[in-house]
Amino acid sequence: MLDAFFTLTLTLFSMAVLEILKFPNPKLKKKSLPVEAIDGDLRRVIADMAETMYAAPGVGLAAPQVGHSLRLVVIDVTPANEPKNLFVLINPEIISVEGECTWDEGCLSVPDYNEDVKRKERVVVRYQDPEGKTCEMEAEGLLSIALQHELDHLDGILFIDRISSLKRALYRRKLQKEKKEKEKEGKKL
Ligand SMILES: [Zn+2]
């Protein structure tokens, strides 16, 4: 009984909000490695990623965004005032797609920027859950977009890689301008 209590307390209180890497961090451009073992270490990473996503707040987070080269994502697209519905996808892959759509996307690793991205309307994703069971999920709407966006992260692709080069150049210019302004402010102090 006491042991169970300790384990529970440890699980509840050892979660941590992790630092989210931002563009242009080179780690975001790397292809992540498959998860080999679903063990205590991985469960810790999953708990921390969920905590980090909810704290941000965001609807999805991929392991490379917090510096882990692992094919692992967490997603919860339920509105904030509804009960949580967390999906943990280990080694996910898109096995079929249908239709096309355009979605106004943002990313926790690309702050203060949104842009229309062309995506598939519906996807079927095969993955392992935290118990190691192989599952399939069919999704449309925001969940479908979140899945495509997060799975892209596992291959080192950001949503700004899927917009026109002109828009990407404008975004880079905006970033440089902000950086210069911050440096100026820094000099005043
Ligand atoms: Zn993202």
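Atoms within each ligand, like the ligands themselves, are counted from 1 in listed order.
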Practice prompt. State whether the side chain of R168 and the backbone N or O of I160 hold a donor-acceptor pair below 3.5 Å, judged by distance alone.
Written response: yes

Practice prompt. Could you tell me how the ring of F159 sits relative to the ring of Y113: parallel (under 30°), tilted (30 to 60°) or perpendicular (over 60°)?
Written response: parallel

Item to complete: Run through the side-chain heavy atoms of Ile, Leu, Val, Met, Phe, Trp and Tyr, join any pair under 4.5 Å, and report what else lands in Y127's cluster.
Response: V59, V73, I75, V77, F87, L89, I94, V97, W103, V123, V125, M137, L142, L143, I145, L147, L151, L154

Fill in: Minimum side-chain heavy-atom gap M53-M49 below 4.5 Å
no

Worksheet entry | Non-hydrogen side-chain atoms of Y171 and V110 separated by less than 4.5 Å | yes

Worksheet, complete the sentence: Under 2.8 Å from the Zn ion (ligand 1), the protein N, O or S atoms found are C107 SG, H149 NE2, H153 NE2

Discussion item. As a test of understanding, state which of R71, Q128, E36 forms a side-chain hydrogen bond (donor to acceptor under 3.5 Å, both in side chains) with N91.
Written reply: Q128

